[in-house]
Amino acid sequence: MLSKKQKETFGEFWKSTHLNDLLDTKTTVIVQLATAMALGCYPGMRDLSDAAKKEGVTQEEIGAVRGIVMAVSAAKVN
């Protein structure tokens, strides 16, 4: 369990990566979703799929992300 200070510090770090000045919100959500897929984080995939839809990411784009993650993940075994 994280201490209050650790939670606050992590919370600020999390916000800085999600609300950044370099990537637009849609791109950020796509990167987050791809990362959750690659890590096998099912709660993250569920929540980020919802967030992606709210940002206008289409089912086709989510499918493209899934394909890229599958290809990159398969390459690590090759």
Side-chain angles (χ1 to χ4, degrees):
M1 177 157 252
L2 296 176
S3 70
K4 182 179 178 183
K5 178 68 175 169
Q6 289 169 323
K7 286 179 187 178
E8 290 171 2
T9 301
F10 181 78
E12 289 303 313
F13 169 70
W14 188 91
K15 282 186 227 173
S16 74
T17 63
H18 289 66
L19 305 172
N20 64 79
D21 295 333
L22 299 174
L23 301 174
D24 60 77
T25 305
K26 181 178 177 180
T27 303
T28 299
V29 171
I30 289 172
V31 171
Q32 294 167 336
L33 178 58
T35 304
M37 288 176 176
L39 294 172
C41 178
Y42 295 103
M45 284 187 272
R46 180 193 61 236
D47 295 346
L48 291 164
S49 290
D50 292 343
K53 289 174 189 170
K54 288 178 185 173
E55 289 301 321
V57 180
T58 66
Q59 284 299 108
E60 291 80 13
E61 289 171 315
I62 291 174
V65 169
R66 182 178 292 130
I68 292 166
V69 170
M70 288 171 63
V72 171
S73 296
K76 72 180 178 185
V77 176
N78 191 10

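What's counted below: heavy atoms across the whole structure, side chains too, no hydrogens, waters or symmetry copies. A quick note: this is a predicted structure, and the numbers were derived from the prediction, not measured.
Nearest heavy atom pair, residue Ile30 against residue Val57, reads CG1-CG2, 3.9 Å. For the pair Leu33 and Ala52, the tightest heavy-atom approach, listed with the atom from each and the gap, is CD2-CB, 4.5 Å. Between Lys7 and Leu2 the shortest heavy-atom distance is CE-O, 3.4 Å. Across every non-hydrogen atom of Val65 and Ala34, the tightest pair is CG1-CB, 3.7 Å. Closest approach of Lys26 and Glu61 over heavy atoms only: NZ-OE2, 3.2 Å. For Ala36 against Gly44, the heavy-atom pair with the smallest separation is CB-C, 3.9 Å.
Separation of atoms OG1 (Thr27) and CD (Gln32) is listed at 11.0 Å; rounding is to 0.5 Å. A distance of 8.0 Å separates OG of Ser49 from CD of Gln59, quoted to the nearest 0.5 Å. Taking NZ of Lys54 as the start and OG1 of Thr25 as the end, the distance is 13.5 Å to the nearest 0.5 Å.
The number of heavy-atom neighbours closer than 6.0 Å to CZ of Arg66, taken from other residues, nucleotides and ligands shown, is 12 or below.
With hydrogens and angles ignored, the 3.5 Å screen pairs a side-chain donor or acceptor of Asn20 with a backbone N or O of Thr17.
Aromatic ring pairs are classed by plane angle as parallel below 30°, tilted from 30° to 60° and perpendicular above 60°; the pair Phe10 and Phe13 is tilted.
Linking ILVMFWY residues whenever their side-chain heavy atoms come closer than 4.5 Å, directly or via other members, leaves Leu23 and Leu19 in distinct clusters.
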Open item on the list: Could you walk me through whether Met37 and Ile62 satisfy the side chain to side chain contact (heavy atoms under 4.5 Å, CB included) test, starting with their C-alpha distance in whole Å, then the side-chain angles of each, then the deciding distance to 0.1 Å, before giving a yes or no?
Closed with: CA-CA 11 Å; Met37 288 176 176; Ile62 291 174; 4.2 Å; yes
Open item on the list: Working note: Glu8 + Lys5, criterion salt bridge (Lys or Arg N to Asp or Glu O under 4.0 Å); need CA distance, chi angles, decisive distance, verdict.
Closed with: CA-CA 5 Å; Glu8 290 171 2; Lys5 178 68 175 169; 5.0 Å; no
